[in-house]
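Beneath this line is the structure, given in structure tokens, with notes to follow.
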Amino acid sequence: MVYDALIGPFTEFEFMRRALAAVIALSLAGAPIGVFLMLRRMSLVGDAMAHAILPGAAVGFLLSGLNLFAMTAGGLIAGFAVAILAGLVARSTGLKEDASLATFYLASLALGVTIVSINGTNIDLLHVLFGNILAMDDQTLLVVAFNATVTLLVLAVIYRPLVIESVDPLFLRTVSRAGGPAHLAFLALVVINLVNGFQALGTLLAVGLMILPAGIARFWSRDLTVMICIAVVAAALSGYAGLVLSFQTRVPSGPAIILVATVLYIVSVLFGRVGGLVRQMFPGRHLEA
Amino acid sequence: MAAALHFHNVTLGYDRHPAVHHLNGEVAAGALVAVIGPNGAGKSTLLRGIVGIVRPLDGSIHLGGLDSRDIAYLPQSAEIDRSFPISVFDFVGTGLWRDAGLFGGIGKAAREKILRAIASVGLNGFENRPIGTLSGGQMQRILFARVLLQNARLIVLDEPFNAIDSKTTADLLALVKHWHGEGRTVLAALHDMEMVRNHFTETLVLARGPVAWGPTAEVLTPENLMVAMRMCEAFDDSAAACAADDIGSRAA
């Protein structure tokens, strides 16, 4: 019974196995990015970027229909353009990154809507908006896995400057010029993972599998490495449980995954070791040192 | 002795507004220089100009043969995001950037160096503590530990003794004097006039421009301090372009 409910869907159906593989790949790459987004106070930047890639994906959809590569390329081009332009303007003018990003993502959104309107086609963008991880084919899965691999490799390269720039940016600027390139590379990784995520969760929820696990991890550890590990596990667990929930109840897969992550987040807010509400209300006797 | 720093008519500031105006002069290698002045006088901007964070609006700063690897900078602790989950060990270890770079490992010898640096500022046993749990004085101590690791010939300290107790101040001041004794050049932005008078051989009084610069005993006079105190913080978007280039240097 329990086996049928929790394991059965994955042994029985190939599309569920593909979905599980995809969600694990998304978790491995997206969750560490989410941790850095949160620690760099850029959580909403991720959300804005998700809006920024929407028109690119829509244009790809317009030109080539429901073609993965066209939509991914469109999303990547729009996302990269917005991320890099916003990053460059912020760094060269002193404008805050969020203000710079807000301008560019709105421009990107307006441009996308204009292009769609001029074409005058009645397009079903539900797939782009909300994704469908259960409809993922082998080719899509390979792209998701490839993007996740690239993300982890690039993150390994920029990890050190990214950490130092987050905690003490002035110091990094005195010892290295790696801060600027690392920041731009990080923004590029955000875009790659959002595009990666919208195959499964859609543009609107893609950021959820990055930010929610990071928020969860924040309540369980004060150590960056441990936080990243917890975030990856939380994301993968949400993905697995969300797929099972979706399979068993017909809740759409993307929202099911994010809803499970939300439940984990609420549990963490309540019971987390680091700043959880219950811990604050019942801290126990104070320590000697 | 050869100069470690030359200032040639340097103007530093932000968005065309000068914070330090037309500074000329030089700092000898091995000097121990206090930079004093009221809030907004341009002390931090000058130090940031020296370490390359702020580019001069005009003029130039020459490092006398030093490259960026020879400079250690201690920023004001307010510039550091202490909520970031990083341990004391890892934070101090960033002082080894020039050896380790992007990919270099932290081997046994490097770990020993980091532990020695932490111990030498009196924070034995704090290695695994997140920096967010440290007091202001402890945070200042680990900033000094990082400077120690950098092993630089020019050390630039931005208000290193702000808001810390007298014991910590005495310990860290002893480190500064030790660096001076080793022949390193030290510049420090300071507010404590007694400390400057008693421990720093040379002083630059700033008030958006140089008021006086020389041996502390000659420079730290009530008159100079009064001039500096009268400095008005001006930030006028409609200000005319500076014509002081025609007047030449105002340096001591």
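Numbers restart at 1 for each chain; the letters A, B, ... are given by sequence-line order, proteins then strands.
Each of A:Leu39, A:Val175, A:Leu224 has some count of heavy-atom pairs under 4.5 Å with chain B, and the biggest count is that of A:Val175.
Atom CG of A:Leu270 has more than 12 heavy atoms from other residues, nucleotides or ligands within 6.0 Å. Annotation: B:Arg82, atom CZ; neighbour count of heavy atoms from other residues, nucleotides and ligands within 6.0 Å is above 12.
Atoms CD1 and CD1, from B:Ile86 and A:Ile164 in turn, are 7.5 Å apart once rounded to the nearest 0.5 Å.
With a 4.5 Å cut-off on non-hydrogen atoms, B:Ala72 does not touch chain A at all. Proximity to chain A is absent for every atom of B:Ser87, based on heavy atoms less than 4.5 angstrom apart. With a 4.5 angstrom heavy-atom cutoff, B:Ile71 does not touch chain A via any of its atoms. For a residue to count as touching a neighbouring chain, one of its non-hydrogen atoms must lie under 4.5 Å from one of that chain's; by this rule A:Val163 touches chain B with backbone and side chain alike. For A:Arg218, no part lies near chain B; criterion is any non-hydrogen pair under 4.5 Å.
Counting all heavy atoms, side chain and backbone alike, B:Phe84 lies closest to A:Ser166 at CE1-CB, 3.3 Å. Closest approach of B:Arg98 to A:Thr174, counting heavy atoms only: NH2-O, 3.3 Å. Heavy atoms only, all atoms of each residue included: B:Arg48 and A:Leu170 are closest at NH2-CD1, 3.6 Å.
Under the salt bridge (charged side-chain N to carboxylate O under 4.0 Å, His left out) criterion, A:Asp168 pairs with B:Arg146, sequence neighbours left out. For A:Tyr240, the ring pair (Phe, Tyr, Trp, His ring centres under 6.0 Å) partners two or more places apart in sequence, or in a different chain, are A:Phe10.
At distances below 3.5 Å, not a single donor-acceptor pair connects side-chain atoms of A:Arg222 with backbone N or O atoms of B:Pro85.
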Step by step, would you call B:Asp81 with A:Arg40 a side chain to side chain contact (heavy atoms under 4.5 Å, CB included)? CA-CA 9 Å; B:Asp81 181 0; A:Arg40 291 164 75 87; over 6 Å; no

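A:Arg160 is not listed as a side-chain neighbour of B:Thr94, based on a closest heavy-atom distance of 4.5 Å or more.
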Exercise answer: donor-acceptor pairs, residues 184-197 of chain A side-chain atoms, under 3.5 Å, sequence neighbours excluded:
residue: A:Asn193; atom: ND2; partner: A:Thr151; partner atom: OG1; Å: 3.0
residue: A:Asn193; atom: ND2; partner: A:Leu189; partner atom: O; Å: 2.8
residue: A:Asn196; atom: OD1; partner: A:Asn147; partner atom: ND2; Å: 3.0
residue: A:Asn196; atom: ND2; partner: A:Val144; partner atom: O; Å: 3.1

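Close approach to chain A, defined as a heavy atom under 4.5 Å from one of its heavy atoms, is seen in B:Pro130, B:Ile131 of residues 123-131 of chain B, taken by number.
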